[in-house]
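Reading through the structure tokens given below for one structure.
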Amino acid sequence: MITSEEIRKEFLNFFEKRGHKIVESSSLIPEDDPSVLITTAGMQQFKKYFTREKDPIKDFGTQRTASIQKCFRTTDIEEVGDERHLTFFEMLGNFSFGPVGSDNPQDFSTSGYFKKSAIYWAYEFLKSLNLNIDYVSVFKGEDNIPFDEESFNIWKELNFSEEKIKKFGKEDNFWGPTGEEGPCGPTTEIYIDRIEVWNLVFNEYYKTKDGKLTKLKYPGVDTGMGFERLMKVLQKTETVFETDLFEPLRTRILEIVPNIEIRDLRIILDHIRGATFLIADGIYPSNLERGYVLRRILRRLMLKLNKYNLVKDIENFVKSVVEKFEQIYPNLRNYDKINKVIKKEFDGFHNILKKGLTMFEKYIKGNEEDREIGEKLFILFTSFGLPLDISKELLREKIGKEFTETMQETFDLLFENHRKISKSL
Ligand code: SER
């Protein structure tokens with residue numbers, strides 16, 4: 001079975017041969033970009049090359065780069081636990097910064113390229129791995145941005161029938177920008193086993209803070225392929241969590257708790273990796289911005305570990321992540337620091353969690369109306385410090401209820417009143 005280590009090499013070699021400079025992943029803390037909290041995409045470290053504020057030739061000796069980028073998406077935190085959502089993930093990407101010299105897939109030089117080379121190379125790379133594309137999608141045109149006929153025709157040239165080239169609108173086939181402003185454009189997406197595996201973005205526009213689109217001086221290419229998803233289709237696992245990217249951590253957890261609930265296992269796998277990488281890149285738990293993101297996942301992680309009496313094993317679990325990734329990300333070797341940060345946060349949260357768990361069980365019966373549950377969760381939060389994230393998990397775990405909009409509304413209303421009263425005191 002092909003391993004993720006082999007795929008890393010194959011991907012980078014493939015694009016290096018085609019004139020790309022291999023660039024290391026940037027930190028999860030974006031440098032030089034106040035418009036985003038955490039690195040969410042491979043293109044982020046290259047934003048200024050798309051706009052030409054920076055010169056790719058000067059910095060890379062070529063207009064083509066490729067990378068495997070660490071990413072973290074906070075929008076997905078609450079979804080983690082299902083089959084495919086992750087907070088931390090890696091993205092394989094190739095990039096071209098204009099002007100376009102030639103758009104010929106046989107051209108292995110260092111000049112800028114566009115849709116034809118990007119699509120042909122994605123197709124060839126997947127073929128070299130013996131993967132069959134189910135279907136692709138292109139931008140159908142919307143809001144005065146035209147139909148991407150060029151991509152449509154390129155896929156036809158590659159012998160895709162029209163039924164296999166789906167046309168979608170902005171919601172699906174227009175990407176970006178990251179943060180409040182930046183390059184963006186129509187996309188073509190590649191699906192394997194009904195999973196979107198590779199997103200090819202043709203950056204033709206720049207979106208400004210006030211939402212206006214202007215044409216970029218030179219068009220660029222920004223592709224991103226989810227590494228975990230790619231390994232899932234290559235290793236033919238049921239979900240991303242059984243790929244080797246979650247080993248040896250997964251096996252170690254299963255050795256201790258063979259009957260762990262699948263949703264809990266996924267949350268633990270995701271959050272340990274996420275926390276380890278965030279801390280290695282210099283983030284500390286706090287109540288603000290990225291620190292708060294880390295705090296949220298550490299607290300949820302503790303809740304889940306506590307359920308299976310695994311809190312004491314955290315050091316070993318972190319070590320398992322480090323073992324897998326330290327060759328690629330040497331800053332993980334500092335795992336004493338990582339463990340210290342986690343332990344400190346766990347120690348600080350221990351009493352809140354203990355008391356909160358007892359009060360939750362005493363207080364919430366499960367037969368209340370949603371509004372009443374919202375009120376009770378608010379009281380648990382203000383009187384015992386039990387975070388809403390944790391309460392949501394407990395609702396599901398202890399009484400089999402999902403957190404609803406009504407509960408959220410009630411909670412928010414009480415919170416707002418509480419804030420006003422505290423302010424006026
Ligand atoms: N920026 C695009 C994405 O994040 C492609 O790399 O999906």
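Residue numbers run from 1 in the order of the sequence given. As the structure lists them, so they are numbered: ligands from 1, and atoms in each ligand from 1.
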Could you list all the side-chain hydrogen bond (donor to acceptor under 3.5 Å, both in side chains) pairs where at least one residue sits in residues 91-103, not counting sequence neighbours? N94-Y113, N94-T223, S102-D107, D103-S117
Whether [X] side chain and [Y] backbone form a donor-acceptor pair below 3.5 Å:
X	Y	value
D222	F95	no
H85	V80	no
K207	K212	no

Does the side chain of E255 come under 3.5 Å of the side chain of T251 through a donor N or O and an acceptor N or O? no
Would you tell me whether K217 and T51 have side-chain atoms, one donor and one acceptor, within less than 3.5 Å of each other? no
Expected contact list for ligand 1 at under 4.0 angstrom, heavy-atom basis, is A41, M43, R73, M91, W175, N199, V201, D222, T223, G224
